[in-house]
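Heads up: the structure comes next, in structure tokens.
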Amino acid sequence: AEAAKWFRKAAEQGNAMAQFNLGVMYDSGSGVEKDSAEAAKWFRKAAEQGVAEAQFNLGILLSEDGAAQDYAEAAKWYKAAAEQGNVFAQYNLGLFCLRGTGVEKNEAEAAKWFRRAAEQGYAEAQYNFGICCMTGAGCEKDLAEAAKWFRNAAEQGHSMAQSNLGALYRNGDGVEKDYAEAAKWLRKAADQGNRYAQKGLGDCYYHGTGVKQDYGVAIKWYTLAAEQGDADAQNSLGVCYLNGEGVLQDFGAALQWLRAAAAQGDPFAQKNIGDCYYNGDGVEKDYAEAVKWYRESAERGHANAQASLGFCYEYGQGVPKDEAEAVAWYRKAAEQGNAEAQNSLGSCCYGGRGTERDYAAAVKWFRAAAEQGFAPAQFNLGNCFASGNGEAQSDAEAFRCYKAAAEGKFAPAQIKAAEYLYEGKGTEQDLQSAADWYKRALDNSKCEADRAAAENGLAACKERGVQPE
């Protein structure tokens with residue numbers, strides 16, 4: 001109170017620092033009754049005399065909810081303080097420019113002010129400027145520069161910077177990929193309760209990247225993040241309960257976490273719930289309900305869900321059969337690189353189901369899936385070479401495709417590869433290899449027709465004195 005008395009005397013005589021200090025006292029209620037209007041009055045007097053701290057504090061008061069709120073006026077005073085080097089004003093002005101609060105939205109201006117504050121060592125600004133560099137918001141996209149600023153903030157204990165730096169190391173973005181370094185930074189952030197880092201660290205333990213694989217520890221971190229509402233972690237935790245990884249298999253718990261994630265619009269969880277209804281895992285099998293969840297996920301762009309939805313339309317599971325609709329969903333997934341959908345779309349093009357028959361298009365999609373190692377597509381591409389549909393006929397190319405699919409444990413391809421080896425078609429005759437492939441097909445297949453073909457082929461080999469090894 002005594003200090004307030006003397007500050008007031010000096011303030012009323014125009015002393016700028018006394019005006020500022022009196023404003024601080026009214027703002028905090030120290031020595032005087034708290035009074036935001038009176039604080040703003042004295043901050044303004046000091047601000048008009050160029051006191052940067054007063055300019056910043058006035059900006060804060062003008063930004064707060066209430067009758068005095070005036071974002072444009074706040075921006076004006078932040079800028080005045082920022083131009084004098086006030087680091088907090090620089091940061092706040094950056095936020096205003098980024099969001100278009102009180103000023104016209106301008107990412108370049110935001111990046112400029114974040115950088116100025118970052119160069120003064122302010123961790124929040126270093127983190128935000130790192131985000132600008134990572135996304136190209138207001139400056140040139142530069143992941144190495146982003147990593148530099150995230151590191152500066154991370155070393156000051158900024159949890160989001162630690163989490164992002166860990167992600168950069170995990171993916172090799174802007175830094176050399178280093179799973180151990182990724183786990184180190186994710187752990188620092190996770191220990192502070194950062195849910196994104198907790199999920200990321202859980203992934204490290206789940207996959208054994210940078211740490212020894214341990215599903216139980218993965219569950220620990222997924223649970224911490226999931227309980228904070230992280231949809232990715234909720235989905236991962238649900239999957240662990242579905243598969244009994246790190247916990248006892250529990251379909252009820254799995255669906256609880258998957259539904260929590262799905263309620264937030266997580267397409268992975270929506271797809272997984274669809275699979276539960278499709279397969280009858282923890283719920284009664286219900287194709288219509290599966291389709292509902294597949295559609296939710298597919299409409300959010302999830303390629304696997306689009307492929308599953310296409311399959312349901314093609315075979316009339318949970319929806320009326322509609323091959324044209326199946327093709328539409330297969331195409332969406334195929335264009336995102338989903339190998340299963342590429343193969344299915346190729347099959348539709350080949351057979352003229354839901355679209356015009358087009359062998360060239362079929363080959364295009366079979367090849368796209370085959371190049372990803374998808375065995376059924378490799379087999380189908382082999383059929384195109386064998387028949388000369390969409391490709392020049394070539395027994396050698398057909399055999400190459402069949403053998404690739406056979407090595408992927410696809411029984412129909414194992415039978416075809418065996419037939420070509422038995423006949424010396426597209427490759428040198430090799431009865432021993434033929435017998436071996438027939439035996440593998442017999443071991444792999446549950447299809448009666450495939451098993452019969454394999455048994456017949458194996459019998460033919462035995463008649464010629466060749467037994468599988």
Side-chain angles (χ1 to χ4, degrees), residues 123-124 126-128 130-131 134 146-147 150-173 175 177-273 275-276 281-282 293 297 300 302:
E124 282 291 339
Q126 291 170 337
Y127 166 71
N128 277 276
I131 293 290
M134 186 170 72
F150 286 150
R151 185 183 303 279
N152 287 340
E155 288 173 348
Q156 295 188 64
H158 192 288
S159 72
M160 281 303 301
Q162 292 169 339
S163 180
N164 284 7
L165 184 58
L168 291 180
Y169 272 112
R170 181 182 59 209
N171 300 324
D173 292 332
V175 291
K177 185 178 286 190
D178 186 331
Y179 290 128
E181 193 71 5
K184 173 186 117 177
W185 287 108
L186 289 171
R187 189 182 304 279
K188 287 179 182 291
D191 285 340
Q192 294 191 63
N194 183 290
R195 63 188 176 101
Y196 305 106
Q198 289 169 340
K199 167 60 168 64
L201 187 56
D203 288 341
C204 291
Y205 278 102
Y206 185 89
H207 297 289
T209 51
V211 293
K212 184 179 179 181
Q213 187 178 51
D214 188 325
Y215 289 138
V217 178
I219 288 288
K220 165 193 164 183
W221 290 111
Y222 285 155
T223 301
L224 288 171
E227 288 174 345
Q228 292 192 67
D230 187 275
D232 285 345
Q234 291 168 341
N235 176 63
S236 294
L237 189 56
V239 170
C240 288
Y241 275 108
L242 270 181
N243 299 329
E245 295 169 326
V247 288
L248 291 174
Q249 189 175 55
D250 185 335
F251 290 127
L255 282 163
Q256 174 192 335
W257 286 112
L258 292 175
R259 289 186 190 281
Q264 297 188 62
D266 185 89
F268 296 92
Q270 291 166 339
K271 168 63 165 64
N272 287 331
I273 294 173
D275 288 342
C276 288
D281 290 336
W293 287 105
S297 179
R300 286 180 166 82
H302 192 287

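If you read the sequence from its start, that first residue is 1, and numbering goes on from there.
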For the pair L242 and L258, evaluate side chain to side chain contact (heavy atoms under 4.5 Å, CB included) and give the outcome as yes or no after the intermediate values. CA-CA 10 Å; L242 270 181; L258 292 175; 4.0 Å; yes

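- Atom SG of residue C240 and atom CG of residue L248 lie 13.0 Å apart, to the nearest 0.5 angstrom.
- Residues V211 and R187 form a side-chain contact, since some pair of their non-hydrogen atoms from C-beta on lies under 4.5 Å apart.
- Considering CG of L255 and CG of N272, their distance stands at 10.0 Å, rounded to 0.5 Å.
- Atom CG of L224 sits about 11.0 Å away from atom CD1 of I219, to the nearest 0.5 Å.
- Remark: the backbone N or O of A154 is paired with a side-chain donor or acceptor of Q162 at under 3.5 angstrom.
- H158 has its side chain out of reach of Q126: every pair of non-hydrogen atoms, C-beta onward, lies at least 4.5 Å apart.
- Residues V247 and L237 are not in side-chain contact: their nearest non-hydrogen atoms beyond the backbone lie 4.5 Å or more apart.
- Annotation for S163 and A197: closest pair OG-N, 3.6 Å, computed over non-hydrogen atoms.
- Counting only heavy atoms from C-beta outward, the side chains of E155 and R151 approach each other to under 4.5 Å.
- In terms of heavy atoms, Y215 sits closest to E245 at CB-C, 3.8 Å.
- Between F268 and H302, the ring-plane angle classifies as perpendicular under the 30° and 60° cut-offs.
- Across A233 and A226, no two heavy atoms sit closer than the pair CB-N, 3.7 Å.
- At least one donor-acceptor pair under 3.5 Å links the side chain of S297 to the backbone N or O of P267.
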Working note: Y241 + F251, criterion side chain to side chain contact (heavy atoms under 4.5 Å, CB included); need CA distance, chi angles, decisive distance, verdict. CA-CA 6 Å; Y241 275 108; F251 290 127; over 6 Å; no

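- S236 places a side-chain N or O within 3.5 Å of a backbone atom of D232 that can act as its donor or acceptor partner.
- Between L186 and Y169 there is no side-chain heavy-atom pair separated by less than 4.5 Å.
- Between the CH2 atom of W185 and the CZ atom of F150 there is a distance of 13.0 Å, given to the nearest 0.5 Å.
- Between A153 and A123, the closest heavy-atom pair is CB-O, 3.5 Å.
- For R195, the salt bridge (Lys or Arg N to Asp or Glu O under 4.0 Å) partners at least two apart in sequence or on another chain are D230.
- The line from SG of C204 to CH2 of W221 is 11.0 Å long, rounded to the nearest 0.5 Å.
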Before you tell me yes or no, could you show the steps for Y222 and D203 under side chain to side chain contact (heavy atoms under 4.5 Å, CB included), namely the whole-Å CA-CA distance, both residues' side-chain angles and the distance that decides it to 0.1 Å? CA-CA 8 Å; Y222 285 155; D203 288 341; 2.6 Å; yes

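- Every residue two or more places apart in sequence or in another chain that forms a side chain to side chain contact (heavy atoms under 4.5 Å, CB included) with A231 is listed here: Q234, A261, Q264, D266.
- The shortest heavy-atom contact between A218 and Y205 is N-CB, 3.7 Å.
- Under the salt bridge (Lys or Arg N to Asp or Glu O under 4.0 Å) criterion, D275 pairs with K271, sequence neighbours left out.
- A donor-acceptor pair is defined here as one N or O able to donate and one able to accept, closer than 3.5 Å; such a pair exists between the side chain of Q213 and the backbone of Y206.
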Do N235 and W257 pass the side chain to side chain contact (heavy atoms under 4.5 Å, CB included) test, and can you show the C-alpha distance, the side-chain angles, and the key distance before you say yes or no? CA-CA 6 Å; N235 176 63; W257 286 112; over 6 Å; no

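- Atom CZ of residue R170 and atom CG of residue L165 lie 11.5 Å apart, to the nearest 0.5 angstrom.
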